[in-house]
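Worksheet: one structure, shown below.
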Amino acid sequence: MVALPQLDADDIPFSAARIDVDVFDIMRAKNLARWPTGAEVDIEEAAAFHKSLPKHKRLGWVMRQADAEGRCLTQPRGGFGTLELQKELMICLDQQGQADIVPTTTDSYTRNEQWENAARGIEESKKAGRSMLNGYPMVNYGPKVTRQLIEAIDKPAIVLSGTSMPKLTCEIGFAAGYSGYLGSGLAYTSSYTKSLSIEQGIRNYQYLDRLAAMYSDHGVELHRRQPGFLTGTNIPPCIAILTCIIDALLAAGQGVKNYGLELGQTMHLVQDAAAIKMARVLTQEYLQQQGYHDVFTPVTSLHWMGAWPHDEAQCEALVAYGGTLAAIGGAVSVTTKSSHEAFGIPTPEANAAGLRSTRMAVYLARQIRLDALPEFETECDMIAKEVRPIMDKILEMGDGDVAIGTIHACEAGVMDIPWSPSNYMKSRVMPARDIDGYLRMFDCGDMPMDPDVMEFHHERVRKRAEHENVSFDHELAVASVYELSENLEKLIPFPWAEK
Amino acid sequence: MVALPQLDADDIPFSAARIDVDVFDIMRAKNLARWPTGAEVDIEEAAAFHKSLPKHKRLGWVMRQADAEGRCLTQPRGGFGTLELQKELMICLDQQGQADIVPTTTDSYTRNEQWENAARGIEESKKAGRSMLNGYPMVNYGPKVTRQLIEAIDKPAIVLSGTSMPKLTCEIGFAAGYSGYLGSGLAYTSSYTKSLSIEQGIRNYQYLDRLAAMYSDHGVELHRRQPGFLTGTNIPPCIAILTCIIDALLAAGQGVKNYGLELGQTMHLVQDAAAIKMARVLTQEYLQQQGYHDVFTPVTSLHWMGAWPHDEAQCEALVAYGGTLAAIGGAVSVTTKSSHEAFGIPTPEANAAGLRSTRMAVYLARQIRLDALPEFETECDMIAKEVRPIMDKILEMGDGDVAIGTIHACEAGVMDIPWSPSNYMKSRVMPARDIDGYLRMFDCGDMPMDPDVMEFHHERVRKRAEHENVSFDHELAVASVYELSENLEKLIPFPWAEK
Amino acid sequence: MTALTKQQRASITLVTGVIGADTHIVGNRILSMALEKEGFNIVTLGALTPAEDFIKAAIETAADAILVSSLYGQGELDCRGFRDMCIEAGLDDIVLYVGGNLVVGKQAWEEVETRFTDMGFDRAFPPGTRTPDVVEKLDTDFQSKVSGTA
Amino acid sequence: MTALTKQQRASITLVTGVIGADTHIVGNRILSMALEKEGFNIVTLGALTPAEDFIKAAIETAADAILVSSLYGQGELDCRGFRDMCIEAGLDDIVLYVGGNLVVGKQAWEEVETRFTDMGFDRAFPPGTRTPDVVEKLDTDFQSKVSGTA
Ligand code: B12
Ligand code: B12
């Protein structure tokens with residue numbers, strides 16, 4: 001494979017190699033100059049602040065400790081358009097919701113670096129007395145003001161900024177005192193953008209990861225995290241895990257040692273448990289293979305990321321089961337939703353209720369594990385069989401460089417993602433649920449899946465088509481998008497009444 | 001063992017033998033004369049009405065069909081003090097709740113045959129404009145009026161009357177068109193009464209079972225059901241199952257062929273699945289042994305029957321998990337509660353929401369089964385080891401007559417029930433949760449448990465005591481009563497904050 | 001207010017039971033066990049106890065208070081006239097507590113409380129009451145009796 | 001009202017896309033696929049589409065309607081002035097639909113609907129709208145156009 005031409009972005013060749021410290025200093029200076037609050041960032045001061053926090057407010061330590069103790073922590077999502085609303089929200093999630101990890105979701109203008117629009121959103125929110133933004137405009141407020149949020153809670157805080165352009169937000173977030181940051185180059189670029197190249201997205205996250213490693217050099221271990229839930233829409237475990245491996249290798253390349261893997265739940269007890277286990281196993285396998293022997297990779301399981309039903313009672317089952325799936329699956333944390341999911345961003349109270357319901361479900365799951373169940377073992381084997389050939393191919397396509405291999409693989413559809421908005425992904429892979437409720441690939445597009453594996457997937461999905469008496473075509477994939485959002489009359493009607 | 005002295009009740013000797021038809025006619029005449037509405041009962045007319053109903057409104061057929069199709073049906077509880085309120089409730093549960101089986105819970109005066117008090121309750125309810133009774137006073141309204149309830153819904157209906165004195169209520173209920181009736185002699189007498197003898201309770205249910213068999217003779221297969229949930233308070237599977245076997249043998253003795261077994265959930269995924277499986281296996285084992293080869297014994301799993309938390313969000317997890325436990329355990333139906341449980345009888349809407357949340361959980365459970373999990377197998381073996389020696393002893397104490405054996409066994413504490421209000425039970429057995437959340441016996445009282453079995457129970461509970469750093473005493477049993485009703489701050493606090 | 005000593009509590013006799021056709025014994029039994037452990041002198045009537053039996057027992061044992069449990073929802077009917085029956089029986093000053101799930105359904109606690117104090121109960125306790133709270137209230141209410149006799 | 005035939009629908013051009021910084025493509029893509037299957041002539045702009053691009057595309061393709069999706073909550077900001085921009089561009093009579101999760105949070109639908117019709121959208125569609133409902137509304141709204149040309 002030929003190396004890609006060198007892009008002008010930041011003037012270094014594109015590869016998985018660690019960014020040199022001198023180059024990085026120049027990149028940072030340029031980056032911080034893009035918005036006035038960038039000038040407030042002082043990494044020495046920030047590192048001192050992080051060290052002054054009690055251990056239980058540092059997510060790096062908290063994730064390691066939770067893993068060691070076999071816990072499943074809870075974390076919601078949440079962001080509002082003004083500091084005041086955001087503070088109230090975080091206090092509510094901390095106290096009323098008993099969240100173990102408190103989030104700050106940024107708004108979509110911030111995610112797209114449209115800080116002028118975000119400024120307008122703050123004003124409009126203040127005027128309207130309700131949030132007109134779908135998250136907290138962190139860059140506009142800057143690190144000094146934002147630190148008030150860290151001080152308002154007694155838990156570790158994480159930035160949730162679904163974006164491929166995290167460079168200024170991460171500087172602000174870490175400087176403010178956030179000890180966790182969710183996001184990665186392949187996952188977010190493929191799922192949250194249309195016209196940004198995968199290469200640019202990876203570069204941007206290399207910046208973020210390099211920054212996190214720089215904090216390590218200052219004695220602060222931050223928690224980085226990969227959003228393997230992708231487009232949230234029927235992502236089969238193998239695809240999520242491929243992106244986990246790729247983004248973990250990229251992060252490790254920049255020196256990150258504390259890297260969480262997130263998986264959206266498939267909503268199948270056995271498949272989710274297998275996915276959670278294999279995400280860690282396979283990511284470690286490739287990290288080791290590439291010479292990274294000390295990267296900590298706990299798995300976070302996310303409440304159903306696809307379309308939710310419009311009935312709150314039905315949603316309550318998805319919320320509670322989400323706790324069950326995460327805990328029985330052995331996830332180190334679970335990211336929660338609420339019964340408002342289908343309607344809009346939840347109120348703080350609904351969000352807190354979702355947390356508590358999940359927490360109770362985690363309690364009820366006790367220490368139950370499915371590891372000895374033959375069906376679980378089969379599923380684990382299947383995932384490994386799906387992932388390895390493709391991952392090996394990706395590395396091969398980059399001549400061993402995962403960054404370059406990934407670009408080629410996305411171009412070729414060797415690495416693909418369902419329902420992607422990105423012009424740089426083929427998005428030909430089409431998942432569908434099978435007869436038993438597992439997520440399978442109805443169509444693997446151009447991904448080089450083992451024929452035996454696809455045979456198995458097809459057979460299971462075909463069984464479903466036969467059972468439902470529908471034809472074996474793409475409509476199965478569309479029906480699978482709607483499935484869990486359907487009302488119960490459709491999902492399980494009273495079976496015997498005369499029509 | 002010596003036979004018990006013959007009691008005067010209904011002038012026949014006490015035994016497990018089938019009541020002779022001529023004797024039964026005399027008993028019925030006496031019984032129906034106790035309250036004016038008794039005169040409205042006409043079994044020929046009633047049988048014709050049952051036959052006129054579509055199959056899907058006959059619970060006997062519905063339970064068999066659900067079992068054959070591997071379904072888990074939903075059923076709530078519910079009763080209000082007037083016909084009008086009850087009708088609204090049943091329509092709401094049928095339509096808004098999508099219940100597969102619609103209930104009528106009777107009020108506690110009716111259960112205690114205090115029909116004058118019930119009449120007062122109807123008047124007071126009408127005056128107050130809200131229900132002053134905790135259920136529907138079925139005897140007061142009588143079969144003709146009550147049939148309006150059957151006609152108002154499009155599902156089968158079941159009478160829920162937690163009582164040891166069902167004789168008139170069952171006549172009215174069956175005549176009205178109810179095709180299911182929950183209750184049994186040992187279970188209810190030990191759990192719902194104080195000074196009624198077990199013998200009298202069994203006699204009363206022999207009447208009911210004999211009546212159900214008489215309907216069979218008229219071509220109507222009713223569904224009888226045993227409330228093995230007992231006092232609802234930490235009932236270990238073995239105790240529930242012992243009562244299932246005893247009451248099933250007694251019912252079979254009267255000619256019943258369609259007999260459901262109810263188990264309160266222990267709230268442990270593996271233990272509940274094992275209990276559901278073994279309830280049916282062991283009941284069949286003894287039915288066969290006693291020569292009953294054609295009794296259908298589907299299992300119903302009940303949402304947590306002990307104390308509920310006062311936080312609705314926590315309750316939602318118990319509700320949803322209840323659906324999961326029933327469906328994964330392979331129960332043929334699940335009896336639901338709501339997030340109002342700790343406060344009082346739910347509104348129709350809250351009740352319907354509990355049903356829908358459970359139904360969604362049942363959907364999500366797909367066809368998952370734990371049968372191949374070694375931990376499940378161990379638990380099944382354990383239950384069999386607990387049940388068989390005691391059941392054999394009970395039969396031995398009655399010289400093969402289960403009715404007589406049961407009386408002796410209860411007297412001697414060989415058959416015992418935790419937290420019983422009855423003067424006829426020792427109630428020395430004391431359950432507690434173990435380290436892994438299983439319900440175990442901290443103290444088996446005078447039940448002749450195998451020493452190895454008790455060794456195992458003790459070891460597990462002792463582990464918990466050590467883990468919690470409390471002493472190994474009766475307080476563990478009390479703490480286990482409260483456990484699932486505790487708030488989350490107590491159950492899983494954020495683990496690391498400084499105190 | 002300071003807690004009473006176990007010795008002081010030993011002079012206080014409490015009658016407990018579950019009123020009416022109500023079979024919910026668990027909470028009442030745990031409460032009785034806990035109060036006994038804390039030193040009070042307890043007379044337990046158990047589940048399914050008619051109103052008259054409470055009063056009979058209170059007279060027989062010269063009780064200082066009656067603790068009525070009602071869980072099943074019909075307590076509102078069962079407890080009507082309970083204070084009057086006490087007065088008729090000459091128990092004018094006996095302390096009356098009631099606790100449990102006192103009414104049918106989820107109702108605003110303040111209203112329910114008023115309904116029962118209007119009926120003549122000195123205190124009513126909401127669903128979910130834990131035993132230490134009951135001990136605290138008893139200690140408060142019997143402070144004067146005990147210091148009077150001290 | 002009767003449904004249009006596929007042939008009649010073929011004469012109707014619809015521009016679809018997700019407005020603003022919004023990446024939620026799934027529903028928009030399914031909707032576009034479904035409308036295409038039902039016979040409409042569809043121009044898809046995909047996710048993350050600025051308001052101006054909708055209008056440009058509508059002019060270029062002489063579209064009859066623009067179907068704007070907004071899911072992420074900021075639609076209220078993104079859609080302000082959309083009708084005015086259309087008028088400025090000479091698209092005075094173009095039919096404008098908007099659908100998705102149009103505002104932040106769970107708000108009363110009637111209010112949300114009014115907010116968007118006041119902005120100049122002909123119809124607004126609530127969360128959870130299924131494609132057959134959209135086809136039905138399109139058929140209704142283009143009844144006259146099609147019969148006019150028939
Ligand atoms: C276990 C249980 C049962 C068991 C009872 C077993 C037994 N023999 O004791 C069984 C299954 C038999 C049962 C039956 C029924 N139950 Co029930 N039951 C419960 C449940 C789930 C838990 C009760 C419990 O044991 N709690 C644990 C103990 C430790 O707490 P506690 O009882 O509240 O007592 C504590 C405090 O309240 C307080 N306290 C209690 N009394 C007093 C008195 C005083 C003076 C003071 C100061 C404090 C105090 O101190 C106690 C210790 O902390 C409750 C709902 C809940 N709470 O979750 C329903 C509940 C009480 N039952 C209810 C009903 C309706 C029934 C039935 C009528 C219908 C049915 N479901 O079959 C029958 C009643 C039969 C009859 N005639 O009484 C309703 C009552 C409705 C209402 N008030 O609106 C409830 C609230 C459930 C519901 N939401 O519908 N039940
Ligand atoms: C999947 C999903 C995602 C995926 C999207 C993947 C992708 N690239 O498409 C991911 C994970 C990337 C994502 C990200 C985010 N999401 Co999102 N997401 C969802 C979710 C769960 C399902 C959406 C979906 O695909 N539904 C299935 C399709 C078939 O239905 P649909 O989209 O509603 O479309 C149908 C109808 O609405 C209608 N329709 C749609 N458009 C139009 C237009 C017209 C004219 C008409 C007539 C009809 C119509 O027809 C469609 C077909 O039936 C929803 C919640 C839900 N609904 O359950 C949240 C939701 C939309 N997301 C939300 C948010 C806030 C975000 C984020 C900002 C924050 C975050 N959670 O990370 C980011 C946004 C990033 C960005 N810049 O846009 C919020 C929006 C909040 C609000 N409006 O108050 C929601 C409602 C969740 C919530 N309750 O918080 N999300």
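Naming convention: chains lettered A, B, ... in sequence-line order (proteins, then strands); numbering from 1 in each chain.
Annotation: side chain of A:V319 is not in contact with side chain of B:E316 (no heavy-atom distance under 4.5 Å). Between B:I328 and A:L269 the shortest side-chain heavy-atom distance falls below 4.5 Å. Residues B:E483 and A:Y363 form a side-chain contact, since some pair of their non-hydrogen atoms from C-beta on lies under 4.5 Å apart. In this structure, A:L364 and B:L318 have side chains that are in contact, with non-hydrogen atoms separated by less than 4.5 Å. With contacts defined as side-chain heavy-atom distances shorter than 4.5 Å, the pair B:L491/A:M360 qualifies.
Most heavy-atom pairs under 4.5 Å with chain A, from the set B:K155, B:K55, B:K57, B:M267: that is B:K155. The choice from A:D154, A:T74, A:D311 that makes the most heavy-atom pairs within less than 4.5 Å of chain B is A:D311. No other option in B:A352, B:P54, B:G437 has as many heavy-atom pairs under 4.5 Å with chain A as B:G437. Of all the listed residues (B:A99, B:G323, B:A372, B:S357), the one sharing the greatest number of non-hydrogen pairs under 4.5 Å with chain A is B:S357. Most heavy-atom pairs under 4.5 Å with chain B: of the set A:Q367, A:E375, A:R433, this distinction falls to A:R433.
Neither the backbone nor the side chain of B:E312 comes within less than 4.5 Å of any heavy atom of chain A. Contacts between B:Q314 and chain A at a heavy-atom distance below 4.5 Å involve backbone atoms as well as side-chain atoms. Interface remark: A:L484 contributes backbone and side-chain atoms alike to the contact with chain B (heavy atom separation under 4.5 Å). Interface residue A:A66: backbone and side-chain heavy atoms are both found under 4.5 Å from chain B. Only the backbone of B:R369 comes within contact range of chain A, judged by heavy atoms closer than 4.5 Å. Residue B:Y321 touches chain A through its side chain alone, counting heavy-atom pairs closer than 4.5 Å. Neither the backbone nor the side chain of B:W304 comes within contact range of chain A, judged by heavy atoms closer than 4.5 Å.
For the pair A:A353 and B:A313, the tightest heavy-atom approach, listed with the atom from each and the gap, is O-CB, 3.4 Å. Nearest heavy atom pair, residue B:A317 against residue A:A320, reads CA-CB, 3.8 Å. Heavy-atom minimum distance, A:W496 versus B:R71: CZ2-CD, 3.8 Å.
The main-chain N or O of B:I492 is found under 3.5 Å from a side-chain atom of A:R359 such that the two form a donor-acceptor pair.
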